[in-house]
Trainee: 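First the structure, which I've put down as C-alpha cells, then a few questions once you've had a look.
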Amino acid sequence: MEIETIKFSPFKDQRPGTSGLRKKTKYFMQEHYLESFIQAAINAVRLFNQGDYLQAPLVIGGDGRYYNDQAIQKIIKVALANGYQHIMVACTGVLSTPGTSAVIRTQKASGGFLLTASHNPGGMEHDFGIKYNIANGGPAPEKVTEAIYAQSKELTEYKVATVADVDINKIGETMFGSARVEVFDALVDYTKVLESLFDFEMLAAFFKNGFTMRFDAMHAATGPIAKHIIERILGAAPGTVVRANPLPDFGGLHPDPNQVHAKELMDLMWSGSAPMFGAASDGDGDRNMILGQKFFVSPGDSLAVIADQAASCIRGYSKGLSGVARSMPTSRAVDLVAKAQGLSCYETPTGWKYFGNLMDAGRCTVCGEESFGTGSDHVREKDGLWAVLCWLSILAKTKLSVAEIVQRHWRKYGRYYYQRHDHEGLALEPANEVIAKLRASLPSLVGQKLGAFTISAADDFSYTDPIDSSVSSKQGIRLICGEDERVVIRLSGTGTEGATMRIYYERFCARYEGAKVEDMLGDTVRATKELLKMKEMFGHDEPDVIT
Ligand code: VG1
Ligand code: CO
C-alpha cells in the first residue's frame, strides 16, 4: 500500500458547531477540504488516545445524502494511510446516527465518522456535514471538537493511501497490507440493541390485533431499519413505513420531522383516514416526531411521558431510571416527572454531546431536547426509532390513544405550554448585534415587564459538567419570569447560511384547561419580539418555523 503526503494551505473554518462540521456541499467538495477535516480529527484523536486505538475498528456511516459515497472512499484512504487496521463501513454507506453509535459500542470501536448534516436538506446545492464520535458511541465532547479545530487551523498536509475504491454496496472484506476494510450489514447490531430493550413479541401482537400506524422515513437513513423492524419483525402492514428508500436529495425535501416539513404525514393524521399513530424521523435518524389522530406531541411532553412511563411500559427500563437530563431550552415538563419519582434531573447546553458524560457515569438514563430528540443510555446519541418504539410500547401497554396519554399526563403534572420559533436566514451582523445588546442589557432587564409578566432573572446560561468540570458558557440567554414563565434566546449552531435565531417560549399551568398554546404564549411572543426589536433589525419578525 503506497502512502502519499499531500500538501495544502490550511483551512481556517473547520470549527464543528452544535453537531459536527456543516457546510454547503459544494464547499465541502473543494479540493483537500474533507481530507483536511479527517486528518485534523485523526491528529486530535491521537492526542487523547494512548495504546492500540489503531487496532480497534473505526466505523464509517452516513445519512445517504449527496456526496456520502465519495466522502466514504476518501475517509477510508486517509484512515488507512494513518495506520487504522480495521475500518468498518456500513453497506450502502447508509447508517443512521443512533445506528452508528450502536455499532461503535457493540464492536468496541475507537470511534467513527458520521457523514451527515442531519435535518438540513441534501444535494449539490444544499448541505453536507461530518461528525466524529468517540469510543463511547457519542459525539466528541467540546474538548475534542476544539482540538480538531485547533489541528485543522495549522494543518498543511494530510496522508492518503493510493488504493482502489472499495465496493461499499457488497458485504465483505478487503485487505490492504495488514489493514482490513470491512463492509458490514448496517441492520444487525442496531436491531439487537433495540431488541434488548423492547418486547418485540408484545408489539407484534399489538399490530396483529389491529393497531395501525404510519412512519415517514423522509427518504433518509431510518428508512431501511424502520422497514426492517416495524414491518418485517413487528409485522405491521406493508406500506406502514413510507419514503423508506434513502435518496441523495431526500426527494427534494427538508428531512426535518416537524409540522412544516413532514406535511404529508400531518395531513394524513388530520384526515378521516388517519391511522392510530404517526411518526417521522430526520435525515440521520436521531430526531423523531410523534403524532396521534389530530394530535401533535410536543417534544418536551414526549420526553416527559417516556420518562414517566418507561418503568411500567418498557421492558428494558423495568428497574427504573437512574436519572433524566434535558437541554436547557427544552420544556421543564420532565423535571416534574423526575421530582415525583425522586430522580436527579440535569440541565445541559444544547447538543447531545453534553449528555455523554452523564450517561457514562450512570447519572441519567433518559435524555431529551426540544428539537425532536429523545434517547437513552442504550447508545450515546438521540434515537428517533427508539422514541417510536417507546411510544408503541406505551400505547400497547396502556391501550389509550396518543392524545389520552398526553392529556392524562397534563392532568397529573400540569402542562408546560411551549413553542420554539425559528427565525431563519437572518443577516449575520444584525443577528449578532441583537444577541450582544441583549447580553449587555441583562442586569437592567430584571424587574422589567415582558408582556403580562415581570422578569425576575436574566442570564446567559453557563454549564459546568459535573463529571469533568469543564465549563461551557454563552449557551443561551434566559429571561425568567418567576417559577412558571421563561423565554430563551440563542443562535443556532447547525446552519450553513446567515444566522438562525431560536426563541423558546414556555409557560406552566398547574391545572390543565386545554387552552390553545398560541393563546397562552401570544402576549409573551409579542413582547419578546419588541424587546429584541426584531422588525427594526430584520425588516420582519415572523418566524419561519414554529414547533
Ligand atoms: C439543533 C438543535 C439541537 C440539536 C442539534 C443537532 O442545534 O437545536 O437541539 O442537538 O440541532 O441535531 P442548533 O444549534 O441549530 O439549535 V441534529 O438532528 O442536527 O444532529
Ligand atoms: Co439529526
Side-chain angles (χ1 to χ4, degrees), residues 15-22 61-65 95-101 114-122 126-133 138-142 145 217-218 220-222 250 254-258 261-262 280-289 299-300 303 325-331 347-356 367-375 379-387 420-426 431 435 461 472 474-477 488-504 543-545 547:
R15 182 183 217 155
T18 312
S19 179
L21 181 70
R22 295 182 193 185
D63 62 15
R65 71 181 58 226
L95 181 55
S96 73
T97 288
T100 311
S101 187
L114 291 74
L115 308 175
T116 173
S118 188
H119 54 291
N120 299 20
H126 294 289
D127 296 353
F128 191 76
I130 300 191
K131 238 160 60 119
Y132 179 73
N133 278 23
E142 213 172 82
T145 56
M218 303 187 92
T222 317
F250 306 113
H254 269 253
D256 196 354
N258 60 34
H261 296 304
S281 55
D282 73 334
D284 61 329
D286 54 359
R287 298 183 178 205
N288 69 89
M289 178 167 71
L303 171 66
R326 61 163 173 82
S327 65
M328 183 274 282
T330 302
S331 129
E347 185 177 46
T348 60
T350 294
W352 209 260
K353 58 182 173 235
Y354 297 101
F355 295 132
C367 312
E369 294 194 278
E370 48 56 49
S371 53
F372 298 88
T374 5
V379 289
R380 291 294 181 276
E381 286 280 5
K382 50 190 188 272
D383 188 342
L385 195 51
W386 171 88
R420 183 180 95 183
H421 290 202
D422 295 331
H423 299 264
E424 297 176 350
L426 307 178
I435 296 290
F461 181 62
S472 306
K474 296 191 176 168
Q475 295 295 325
I477 292 169
V488 175
I489 301 134
R490 58 181 284 281
L491 293 180
S492 154
T494 55
T496 58
E497 219 175 275
T500 293
M501 189 177 295
R502 304 201 196 284
I503 312 183
Y504 313 76
D544 298 272
V545 181
T547 48

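Atoms within a ligand are numbered from 1 in the order they appear, just like the ligands themselves.
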Trainee: Salt bridge check, Glu347 against Arg326: does any charged N sit closer than 4.0 Å to a carboxylate O?
Mentor: yes
Trainee: Suppose I only count heavy atoms of Asp282 and a 4.0 Å limit; which atoms of ligand 1 are within that range?
Mentor: 18 (O)
Trainee: Between Ser19 and ligand 1, which residue portion shows a heavy-atom distance shorter than 4.0 Å: side chain, backbone, both, or neither?
Mentor: side chain
Trainee: Is Arg420 touching ligand 1 with its side chain, its backbone, both, or neither, if touching means heavy atoms under 4.0 Å apart?
Mentor: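 Within the 4.0 Å criterion, Arg420 contacts ligand 1 through side-chain atoms alone.
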Trainee: If we ignore angles and hydrogens, is there a donor and acceptor under 3.5 Å between the side chains of Asn288 and Thr374?
Mentor: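 Side chains of Asn288 and Thr374: pair found under 3.5 Å.
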Trainee: Taking the non-hydrogen atoms of Arg22, is any one of them nearer than 4.0 angstrom to ligand 1?
Mentor: yes
Trainee: If we ignore angles and hydrogens, is there a donor and acceptor under 3.5 Å between the side chains of Asp422 and Thr500?
Mentor: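 No - no donor-acceptor pair under 3.5 Å links their side chains.
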Trainee: Would Gly351 count as a contact residue for ligand 1, given that I'm defining contact as a non-hydrogen atom of the residue lying under 4.0 Å from a ligand atom?
Mentor: yes
Trainee: Where is the nearest protein heavy atom to atom 4 (C) of ligand 1: which residue, which atom, and how far?
Mentor: Glu369 OE1, 3.5 Å
Trainee: Relative to the heavy atoms of Gly493, which atoms of ligand 1 are at a distance of less than 4.0 Å?
Mentor: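 Numbered from 1, ligand 1 contributes 13 (P), 14 (O), 15 (O).
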Trainee: Which one of Lys131, Lys382, Arg287, Glu381 has a non-hydrogen atom at the shortest distance from atom 11 (O) of ligand 1?
Mentor: Arg287
Trainee: Can you tell if the side chain of Lys131 reaches within under 4.5 Å of the side chain of Ser19, non-hydrogen atoms only?
Mentor: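 When only atoms from C-beta onward are counted, Ser19 and Lys131 do touch, with a gap below 4.5 Å.
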Trainee: Can you find a pair of side-chain heavy atoms, one from His119 and one from Thr494, that are under 4.5 Å apart?
Mentor: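 When only atoms from C-beta onward are counted, Thr494 and His119 do touch, with a gap below 4.5 Å.
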Trainee: Pull out every atom of ligand 1 sitting under 4.0 Å from any heavy atom of Ser371, numbered as shown with elements.
Mentor: 2 (C), 3 (C), 4 (C), 8 (O), 9 (O)
Trainee: Any side-chain heavy atom of Arg490 sitting closer than 4.5 Å to one from Pro329?
Mentor: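 Of all side-chain heavy-atom pairs linking Pro329 with Arg490, at least one is under 4.5 Å.
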Trainee: Looking at Asp286, which atoms of ligand 1 are within less than 4.0 Å of one of its heavy atoms?
Mentor: 17 (V), 18 (O), 20 (O)
Trainee: Measure the acute angle between the ring planes of His421 and His423, then classify it against the limits of 30° and 60° as parallel, tilted or perpendicular.
Mentor: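 If you compare the ring of His421 with that of His423, the planes turn out tilted.
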Trainee: Which N, O or S atoms belonging to the protein are less than 2.8 Å from the Co ion (ligand 2)?
Mentor: Ser118 OG, Asp282 OD2, Asp284 OD1, Asp286 OD1
Trainee: Run Leu114 and Asp284 through side chain to side chain contact (heavy atoms under 4.5 Å, CB included) and show every step you take.
Mentor: CA-CA 9 Å; Leu114 291 74; Asp284 61 329; 6.0 Å; no
Trainee: Only one of Cys367, Pro139, Ser472 forms a side chain to side chain contact (heavy atoms under 4.5 Å, CB included) with Tyr354, so which one is it?
Mentor: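 Single pass found, and it is Ser472.
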Trainee: Checking Glu369 side chain against Thr330 main chain: does a donor-acceptor pair fall under 3.5 Å?
Mentor: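 No: the side chain of Glu369 does not pair with the backbone of Thr330.
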Trainee: Does some non-hydrogen atom of Arg490 fall short of 4.0 Å from ligand 1?
Mentor: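 It does, in that a heavy atom of Arg490 comes within the 4.0 Å cut-off of ligand 1.
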Trainee: Do Thr222 and Ser281 meet the criterion of a side-chain donor-acceptor pair at a distance under 3.5 Å?
Mentor: yes
Trainee: Ligand 1 versus Asn120, non-hydrogen atoms closer than 4.0 Å: side chain, backbone, both, neither?
Mentor: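 Contact part for Asn120 vs ligand 1: neither.
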Trainee: Would a 4.5 Å heavy-atom cut-off, applied to side chains only, mark Asp127 and Arg65 as touching?
Mentor: yes
Trainee: Is there at least one pair of N or O atoms, one from Arg502 and one from ligand 1, spaced under 3.5 Å apart?
Mentor: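 Yes: some nitrogen or oxygen of Arg502 is under 3.5 Å from one in ligand 1.
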Trainee: Is any side-chain heavy atom of His126 less than 4.5 Å from a side-chain heavy atom of Asn120?
Mentor: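 Counting from C-beta outward, His126 and Asn120 never come under 4.5 Å.
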Trainee: I'd like to check Phe461 versus Pro349 (side-chain heavy atoms, cut-off strictly below 4.5 Å). Are they in contact?
Mentor: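 With C-beta onward as the side chain, the pair touches.
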Trainee: Can you pull out the closest protein heavy atom to atom 7 (O) of ligand 1? Residue, atom name and distance to 0.1 Å, please.
Mentor: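 Scanning the protein heavy atoms, the shortest distance from atom 7 (O) of ligand 1 goes to Thr494 CG2, 3.5 Å.
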Trainee: Regarding atom 17 (V) of ligand 1: of the candidates Ser281, Ser118, Gly20, which has the closest heavy atom?
Mentor: Ser118
Trainee: Does Lys353 reach ligand 1, in the sense of a heavy atom lying below 4.0 Å from it?
Mentor: no
Trainee: Give the numbers and elements of all ligand 1 atoms closer than 4.0 Å to a heavy atom of Thr18.
Mentor: 5 (C), 7 (O), 13 (P), 14 (O)
Trainee: Below 3.5 Å, N or O to N or O, backbone or side chain included: is there any such pair between Thr350 and ligand 1?
Mentor: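 No - when backbone and side-chain N and O of Thr350 are compared with those of ligand 1, no distance drops under 3.5 Å.
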